Amino acid sequence: MSGSTDRPVRRRTFVLGTAAAAGTAALSGTAAAAAFGWSDDGTNYVVDTGAGLVFKVRKSNGDLSSLVYRGTEYQGYGGMSSHIESGLGTSTVSVRQSGSTILISVAYGTLRHYYAARSGENNIYVWTNKADTSVSATRFILRTRPGLFLNDEPDSYTYAPTTIEASDVFRKSDGQTRSKHYSKLRVMDYNYVGWSSGGVGLWIVRSNHEKASGGPFYRSLLRHQSADGGGLYEILYYGQNQTEAQRFGLQGPYIIALTDGGAPSSSLFPGTLTTSWADSLGISGYVPASGRGRVAGVGITGRNTSYAYTVGLANAAAQYWGSARASDGYFSIGGVLPGTYTLTVFKGELAVYTSSVTVTAGGTTTLNTITIPSSNDPSNASAIWRINDWNGTPSGFKNADLMTYAHPSDVRAASWTGNVVIGSGSETSAFPCYLWKDVNSGLIVYFRLTAAQAAAAHTLRIGVTTAYANGRPQISVNDWTSAIPSAPTQPNTRSLTNGSYRGNNHTFTYSVPASAWLTDTSRYNVLKINVVSGSGTTSYLSAGTAIDAIDLLA
């Protein structure tokens, strides 16, 4: 039943799905291919959904070794199967059928992994329970055969022959860059990832990520594609640019979905998916809907309505989030495991309020109106001048949007150097979103002060969203130089070059004495921002940092 891989290579359509794009796509294929059931071919358990999808799970190690849809094999490249991490060793694999559900269970040390099929659905429901660090199982990768869904998008290697960083960032002949890291999207921005071509859609619908780490704004690789084949990912924990410790327990289901070319059904999305049919399957760590609770807030005041607000819940065991309604800040977060959580309200991606909330099984914790104190939002402070607004992201700065899907050396990037003049009207767009010790350290901001302003000391603030190699700003104003600030806690991996500015938001404050200012109000004061650090290498891998906002307080 395998399809040929000798077909000519041609460009195909791809999709990264959001909730808005879900629409009315079919849940499964149309005509039934065979009777629903499973068999044993000696090497694999073979499951036929009865709707066009036949898949195999290897009995020795739990790999997904075949994925045949309407007679075409989609699984595999380079002789490799689809599996958790890089594959498990010898495992105990079993299968059983319960009415209209078939469950394949994989046990490897403390790890438990599951594949479930439902009669008449072209979906594979997947769960992974990682109990501890004894097993390296942080992702599921669905490998696809060469030539089926070839594309030339940011997360493609297809037309990018030159390696420019590590072994995973490439440059095309036209100067554009490609990497599997360049997904553009935060976790909260997508519900599914995959491709569509020739009347077939192949997708992974993400889980609710309750056992993942990094929160709603985390960015990670979602897929890759090249002439050698492609991969779709469900990342359970990824150490690159990570801000939280790893969480353990059952994650899922995440769903491998085959369609007639359209998006997967919105009924499979996190937040809308119901799996009461799995309640009695005996999946390790499974908690049914009845064992979960909800948090609802009647509203949030003190918001800046120019921004979207997100409410997050997090503790060492689980994480959740939901959007606050634009009109009044109402929010509701369901499917929450019982426990006590830190509740955080984010303006954009900047935390502006925190509290504690306790969730009970089967109950709804209703919160009265949350009031964000004015002092919690740094934008409310009176400033002589401000470059960008405080929202926890570099958005608005030069090259900021491009950096979520390209390398800083990309031909499309504007020059990373260039000075800024307050009052020019282009302060934000002229200021680079990232500063590196070896690229554009020493950036200058020119500004004038009135006589009254120059007669007093002022506080200058620089907000950052992450840093690489402990890069941090030291400033000088005219002839005055600040002390070198301490390095805040940030991820210790690549970030600025692999599509992510998300780390730990931090504000550096500098008390500039009145003696630092020029007394001639017709002249420009000169603020120089240097990046300091004893680590990092050269160029875009030298010590660096991502900027949120800069201001001089009144």
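Keep in mind the model is a prediction, meaning the values are calculated, not measured.
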Could you tell me which residues satisfy salt bridge (Lys or Arg N to Asp or Glu O under 4.0 Å) with D132, sequence neighbours excluded, listed by chain and number? none
Partner set under salt bridge (Lys or Arg N to Asp or Glu O under 4.0 Å) for K59, not counting sequence neighbours: D40
Tell me whether the rings of W38 and Y45 are parallel (<30°), tilted (30 to 60°) or perpendicular (>60°). perpendicular
According to side-chain hydrogen bond (donor to acceptor under 3.5 Å, both in side chains), who are the partners of S500, at least two apart in sequence or on a separate chain? N241
Can you sort out the partners of T243 under side-chain contact (heavy atoms from CB on, under 4.5 Å), two or more places apart, ordered by chain and number? P491, N504
Sub-6.0 Å ring centroid separation between Y74 and W195: no
K211: what forms a salt bridge (Lys or Arg N to Asp or Glu O under 4.0 Å) with it, not counting sequence neighbours? none
Classify the ring geometry of Y254 against H113: parallel below 30°, tilted from 30° to 60°, perpendicular beyond 60°. tilted
What I want to find out is whether K184 reaches D155 closely enough, with some N-O distance under 4.0 Å, to be called a salt bridge. no
If you look only at distance, which donor and acceptor atoms sit under 3.5 Å apart when one is on a side chain in residues 87-96 and the other is two or more places apart or in another chain?
from : atom 1 : to   : atom 2 : distance (Å)
S91  : OG     : G89  : O      : 2.8
R96  : NH1    : S98  : OG     : 3.0
R96  : NH2    : L281 : O      : 2.3

Test side-chain contact (heavy atoms from CB on, under 4.5 Å) applied to N505 - qualifying residues, sequence neighbours left out: L350, T465, R502
Q225 side chain to F149 backbone, donor-acceptor under 3.5 Å: yes
Who passes salt bridge (Lys or Arg N to Asp or Glu O under 4.0 Å) against R247, sequence neighbours left out? E244
Name all residues meeting the side-chain contact (heavy atoms from CB on, under 4.5 Å) criterion together with S276; count only those two or more places apart in sequence or in a different chain, and write none if there are none. D279
Residues forming a side-chain hydrogen bond (donor to acceptor under 3.5 Å, both in side chains) with T344, sequence neighbours excluded: none
Holding to side-chain hydrogen bond (donor to acceptor under 3.5 Å, both in side chains), I want the full list of residues that pass it with R171, two or more places apart in sequence or in another chain. S409
Any donor and acceptor pair, going by atom type alone, linking the side chain of R186 with main-chain N or O of F217 inside 3.5 Å? no
Kindly write out the residues that satisfy side-chain contact (heavy atoms from CB on, under 4.5 Å) with S66, not counting sequence neighbours, or none if the list is empty. K56, V68, E73
